[in-house]
Structures are given as C-alpha cells and as structure tokens.
2 protein chains.
Amino acid sequence: MTRATLRDVAAHAGVSHQTVSNVLNEHPSIRPATRERVLAAIRDLDYHPNAAAKALRESRVTTLCCAFYGHAADEISDPYRNLVQSAFIAEANARGYNITTAFLRGDDPEGFEALHAAFKQRSLGGVVVMSTTLPTGWMRRLALWDIPTVLFDRADPEGFLPSVTADYVGGMAGLVAHHVSRGRRDLALVVPGDDLGSSAILRREGFLAAARAHEVRHRLLGGHWSAEAGELAFRHLWEGGDRPDAVLCGNDRMGAGALLAARTLGVRVPDEVAVSGFDDFEFARYTGPSLTTVHVPYAEMARLAVRRLLGRMEGRVPGHGPPEVQLPVTLVPRESA
Amino acid sequence: MTRATLRDVAAHAGVSHQTVSNVLNEHPSIRPATRERVLAAIRDLDYHPNAAAKALRESRVTTLCCAFYGHAADEISDPYRNLVQSAFIAEANARGYNITTAFLRGDDPEGFEALHAAFKQRSLGGVVVMSTTLPTGWMRRLALWDIPTVLFDRADPEGFLPSVTADYVGGMAGLVAHHVSRGRRDLALVVPGDDLGSSAILRREGFLAAARAHEVRHRLLGGHWSAEAGELAFRHLWEGGDRPDAVLCGNDRMGAGALLAARTLGVRVPDEVAVSGFDDFEFARYTGPSLTTVHVPYAEMARLAVRRLLGRMEGRVPGHGPPEVQLPVTLVPRESA
DNA sequence: TTGAAAGCGCTAACAT
DNA sequence: ATGTTAGCGCTTTCAA
C-alpha cells in the first residue's frame with residue numbers, strides 16, 4: 001500500500017494540490033467549504049505529510065542532539081542522566097524537534113566528528129552537551145565548526161559557548177551556613193579532587209569561601225562521585241580519630257554512602273555528626289535518616305538549555321557568545337543535618 | 001555562507017552533476033582522473049550531501065526509536081537503561097541509522113500516538129520497545145499500525161511482534177543448582193509479585209521449577225526491583241526467625257540491598273547465608289562481599305534487537321511474526337554464594 | 001479565493 | 001564513461 005500524497009488528496013477533494021497545502025498550513029484565505037472538503041479527503045486517504053519532502057523544501061533542520069560527555073562508565077551511568085534526558089526530550093518534542101542522543105568520550109574523537117558531519121549534512125541542527133568535565137578544546141572546536149551549542153552544567157571559561165548552569169557556589173555556601181547555624185564548628189567536605197569538572201571545583205570553592213567567612217574549622221577530602229567514595233571517606237574520617245561534626249558530601253550519592261557508613265559504624269546522625277548531600281535526587285528522601293541536601297533544578301535547566309539552543313538556531317540570538325545563565329538552587333533540610 | 005550543492009561541485013570540477021553523484025555513490029564506471037577531480041572539488045568546496053534531499057529521493061527512513069516503557073519513575077531510572085541505550089545507539093549508528101529516544105507510559109497514550117504519527121510521516125522507520133511490562137494491548141496496536149517493532153526483554157504472548165529476550169528461567173535454574181551444590185537446602189526468592197512483567201514471572205517460574213526439581217525447601221517474597229526492597233526483605237526474613245540459608249534476589253539492585261541488610265545486622269555472608277542477584281550490573285563486583293549473580297548480555301541483546309529491526313525494515317524478513325530470540329545467560333559465582 | 005509554475009538537492013533511467 | 005531528463009513531495013512565488 002503506497003502512501004497518499006498531496007496530489008492524491010487534491011484529486012480526491014477536487015481541488016489543486018496547492019489548496020491542500022494551504023489548508024494544512026492554515027493559510028487565512030480558504031473558504032470554509034473547501035477547507036472541510038480537503039480535511040475530509042485527508043481523513044479518507046489517511047494522508048500524512050512526508051517529513052523528508054517538507055524538510056527539503058523548507059530547508060529546516062528539526063533534529064537536536066543530546067550529547068553526554070564522560071570519561072568513566074560510572075559517570076555515564078549517573079542517575080541524573082535519565083532525569084535530564086527526559087526533560088530535554090519533552091521540551092524539544094513540544095517545540096517540534098526530534099532528539100538524538102550521543103555518547104561522547106574524550107579519547108574517541110569519532111563521536112565529535114560524527115556530530116560535525118551530521119551538522120554539515122543538515123541532519124542536525126544543534127547540540128546540548130551535558131558534562132561538567134568537557135575540555136575547553138572541544139568547546140573551541142564546536143564553536144569553530146559553528147554548530148549551535150549549549151553547554152549544560154558547565155560554563156565555557158573562554159566565553160565561546162553559551163551555557164546553563166546552577167549556582168553551586170551559592171548552594172554550598174548556604175549549606176555551610178545551615179550547618180553553622182545548627183552549631184557545627186568542624187566541617188569536612190568530600191568532593192572529587194582529581195576531577196577537573198567545574199561542578200567539583202565550584203562546590204569546593206563555595207565551601208572554602210563560606211567556611212572561611214564563618215570562621216569555622218574545615219578540611220577537604222577527595223573521592224569520586226560515587227556512594228562507595230562517600231562511604232570510604234566517612235570511614236576514613238571516623239577511624240582517623242579527629243572527627244568533624246559535619247560531613248558535607250559533594251553529591252547525594254556520596255551522601256548516601258556516608259550515611260551507610262555511619263549506620264554501619266553505629267554513629268548517630270545527626271546527633272553525633274551531621275551529613276549532607278548535593279543535587280536532591282529522588283532517593284535522598286529515602287535514605288535513613290533522610291538526607292539534607294541542595295536541590296538543583298536539573299529538569300528546569302534542561303528545558304532552558306533547549307530553549308536557548310532553539311533561540312540560537314532560529315536566529316533570535318546573534319553570535320556565539322550569550323553568557324552563562326545560572327539558575328538558583330534551594331537548600332532542602334531533612335533529618336540528617 | 002550558503003552550502004555547496006552537487007551542481008556547485010560539478011561546475012567546479014567541470015563535469016555534470018550526475019558524475020559527482022556517481023563518484024559519491026561509488027559507481028563502477030568512473031575514470032580515475034575524473035574521480036580525483038571531483039573529489040578535489042568536493043574538498044575545495046567543503047561539500048556535504050544534503051540529508052533531507054537524499055532521504056526524499058531515496059524514500060528511505062534512517063531513524064529508529066529507542067522507546068522505554070515504564071510506569072514508575074523508579075523503573076525509568078533503572079541503570080540498565082544506560083547500558084542498553086548506548087549499545088543500541090552504537091549499533092544503529094554503525095549501520096547508518098539515527099536514534100531518537102522516547103519515554104512511554106501506559107497512562108499517557110500521546111507517546112504512542114506520536115510514534116504512530118512519526119511513522120506515518122516517514123520520519124520514523126521502526127522502534128525497539130524496552131520493557132518487561134509492556135501490555136499486550138500496546139503490542140497489538142503497534143502490530144496493527146504496521147510499525148516495524150522489536151520487543152526488548154519481553155516476548156509477545158500473542159506472537160504478533162518479534163522479540164529479543166534472555167533465558168531467565170534457565171538462569172534462575174542454574175542459580176538454584178549452584179546454591180544446592182554448595183549445600184543450601186532452604187531457599188528464599190525475593191521478586192516482585194505485583195509486577196506483571198515477564199521478567200519477574202520468568203525468574204519466579206525458573207526458581208520454583210528448579211527448587212521443586214531439587215526437592216529443597218523454598219519460599220517466595222515480594223518487593224519491588226529496588227535496593228530498598230532487597231534490604232527490607234532480608235530484614236523481614238531475618239527478624240522472622242525462620243531463616244533460609246540462601247536468599248536469591250530478583251535482580252542485583254535487590255541483591256545489593258540484601259547484602260547491606262546482612263552487614264547491618266551482622267550476618268556473615270556467605271557463612272551464615274548465601275545471597276545472589278541477577279543481571280550482573282557493574283556494581284555487583286563492588287558490593288561487600290561481591291555478589292554472585294547471573295550475567296544477562298544486555299548489550300548484545302540490544303545489538304541483536306537493532307539487527308532484527310533492520311532486517312524487518314529492510315524487508316529481509318517477511319511478515320510480523322518471526323519468533324522470540326532468546327539469548328543464553330551465564331552464572332557468575334562471586335563471594336556471596 | 002484558488003490554480004499554475006518553479007524548484008529545494010538529490011538519484012535512477014536513459015541517451016550519448 | 002559521461003551528460004541529459006525527469007521527478008521524489010512539498011511550499012513559495014505569482015497569475016487568474
């Protein structure tokens with residue numbers, strides 16, 4: 001069974017194919033009677049416009065790419081990916097765009113080259129790159145290739161690419177203030193140290209500045225973004241003897257690990273020590289005790305990233321360099337601190 | 001800057017546009033000299049074929065959809081999604097297809113309607129539906145709409161749609177045999193009971209049949225696919241007094257939860273009780289003790305699903321009804337059992 | 001208010 | 001071995 005075309009519909013309705021097109025595109029000057037006849041014909045023949053023909057004629061690209069950049073498998077399986085991706089897809093679909101997903105890694109340039117090729121072939125309109133660790137080299141290249149790009153969760157230090165981020169410095173400062181207001185005077189922050197990602201750096205910076213401002217004792221511990229790292233760090237702190245009265249974790253996964261370690265070691269939270277996370281993932285409500293954290297509006301950030309990307313693609317924003325847009329975060333006090 | 005077309009290249013190389021097309025499509029009868037000239041022109045002009053024009057002319061659809069069906073947010077954030085999706089994308093890209101991702105839910109038919117519309121508009125060639133809980137009603141509809149579809153991790157009981165699954169019955173039977181061979185005689189399986197998904201049903205069936213065949217005491221416990229459920233179930237078993245000597249969990253997440261409960265309760269694994277999972281996710285190696293489980297080749301299943309889908313789309317497979325393809329699973333003994 | 005003509009960029013079929 | 005012609009299905013002029 002061969003699909004009906006515009007001309008088939010026209011013939012069926014006894015009008016020219018052009019009139020059918022006008023009806024479809026809701027042109028003003030169509031008599032209601034013809035309009036009805038055309039719509040009936042469309043229904044009769046189960047007509048659906050051919051997307052490829054439309055795309056060719058309008059030379060409009062309707063596909064965006066949601067690209068995840070990450071080194072480690074661990075990073076790629078981060079639960080925030082799901083959240084961000086579904087918000088991204090929903091927003092783009094609502095605006096008539098399709099989404100493809102790509103997984104990029106620094107050690108295989110093919111993924112980036114594929115993006116470039118797709119863009120040149122006009123099968124890709126733009127890309128949102130999700131990563132806190134994207135090297136500036138790739139940013140420069142994306143800007144050079146002139147691919148409409150929005151960075152997610154990472155600002156471009158060189159200012160070539162627009163970005164959507166969250167106020168990690170302020171969030172961490174708020175968390176420190178919260179701990180201090182509850183009487184804590186010896187804070188430890190567990191956050192990746194060897195991760196050049198901006199979110200680690202910013203969270204660390206926010207912590208250091210706020211702890212200094214409040215004039216409380218503070219220290220830093222390293223460890224990856226995983227629950228295991230949080231657990232390990234907590235054990236390390238506890239077994240070391242010089243115990244802090246608050247353990248701030250770089251994210252909720254680490255926070256969950258720290259809580260687990262506390263439970264295992266029989267340490268009462270928050271009586272003996274306060275624990276906090278960062279991100280406010282769904283499971284932060286379900287830890288025991290529930291995890292005090294900072295809500296990061298990832299879904300809203302994803303929607304905004306799409307809107308900014310479309311703004312750039314549809315030419316409403318000139319040049320490459322609209323600056324970083326930073327969304328506020330919210331302290332979420334729960335049982336653990 | 002306007003993009004170069006085939007005719008621009010032709011003019012630049014002093015040949016007809018057709019010759020350029022022939023060069024691009026590697027037609028046999030092209031003189032090496034012209035070929036070189038054309039390739040040089042392509043490079044000079046940075047020519048890239050227009051994907052939309054090609055798609056229109058060839059009336060070939062190059063987009064597949066990777067659709068995740070799920071009721072609960074929990075299900076959607078399951079880590080296996082990442083694994084499956086990236087394998088799916090890699091395989092499809094390697095074969096010249098693009099992937100879009102969709103999130104479907106039973107209570108909102110719009111997602112399915114959008115698939116249908118995209119298919120009719122020829123912007124979608126086929127779909128792989130990832131879900132162990134997809135209701136037969138949707139299967140029937142996909143078949144009726146004549147959308148090339150492959151089910152992932154779920155067979156079609158009515159036989160309309162082809163599927164790629166894994167041998168959950170055999171895997172669970174192997175696990176039971178493993179426990180029995182290590183001297184266990186009182187087995188408890190923790191698996192969702194109110195989940196109509198076929199993977200829960202098959203894992204349960206495999207367990208029951210094998211336990212009966214080995215003539216060992218056995219029982220079932222409910223609980224969702226989460227770590228919390230595994231933890232809860234283990235506690236329940238332990239506090240109940242009538243303790244099994246092996247706790248089999250429906251998946252690794254539950255297994256990790258059970259191990260956590262054991263640690264918290266001071267129960268030695270595997271000395272006092274054996275614990276096993278199912279799936280062999282990455283973190284199963286990192287639990288304490290490491291988790292004995294069954295490896296399910298999800299990535300290979302994803303690749304196979306794409307190949308089957310393309311087989312159907314490219315007409316190499318007639319009709320709707322090639323049967324279920326079931327991949328073997330592998331027992332992975334570790335420390336916990 | 002509707003119809004006719006032209007062409008988006010490409011490839012398949014034929015002619016040379 | 002290369003060039004010419006035609007048309008995929010649609011929308012944007014422009015004319016009637």
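Naming: A, B, ... by sequence-line order, numbering from 1 per chain. Please read all numbers here as calculations on a predicted model, not as lab measurements.
- The CD-C1' distance, from B/Gln121 to D/dG9, rounds to 13 Å in whole Å.
- Counting any heavy atom pair closer than 4.0 Å across all strands shown, A/Ser59 reaches no nucleic acid atom.
- Where B/Gly14 and B/Ala53 meet DNA chain D, the nucleotide closest to each residue was compared, and B/Gly14 sits on the side nearer the 5' end.
- Residue B/Thr5 places its side chain closer to C/dG9 than to any other of C/dG9, D/dT2, C/dG3.
- Smallest separation of non-hydrogen atoms from A/Ser163 and A/Ala155: OG-CA, 3.6 Å.
- Listed nucleotides: C/dT1, C/dA4, C/dG9. Nearest to the side chain of A/Arg31: C/dT1.
- Take A/Glu58 and apply the salt bridge (charged side-chain N to carboxylate O under 4.0 Å, His left out) test, not counting sequence neighbours, and it matches A/Arg60.
- Relative orientation of the A/Phe103 and A/Phe68 rings is parallel, given thresholds of 30° and 60° on the angle between their planes.
- Between B/Trp145 and B/Trp138, the ring planes lie tilted relative to each other; the angle falls in the 30° to 60° range.
- Within 4.0 Å of B/Ile30, counting heavy atoms only, lie sugar-phosphate atoms of the nucleic acid but no base atom.
- Note: CZ (A/Arg60) to C1' (C/dG9) measures 18 Å, nearest angstrom.
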(message) Please encode protein proximity along nucleotides 11-16 of chain D as a string of B, S and -, counting only heavy-atom distances under 4.0 Å.
(response) BBB---
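- Taking atom CG of residue B/Leu56 and atom P of nucleotide C/dC10, one finds them 12 Å apart after rounding to whole Å.
- Here the straight-line distance linking atom CG of B/Leu309 with atom CZ of B/Phe152 works out to 13.0 Å at 0.5 Å rounding.
- Contact check, B/Thr19 against D/dG3: a side-chain N or O comes under 4.0 Å of OP1 or OP2.
- Using cut-offs of 30° and 60° on the angle between ring planes, the pair B/Phe112 and B/Tyr69 is tilted.
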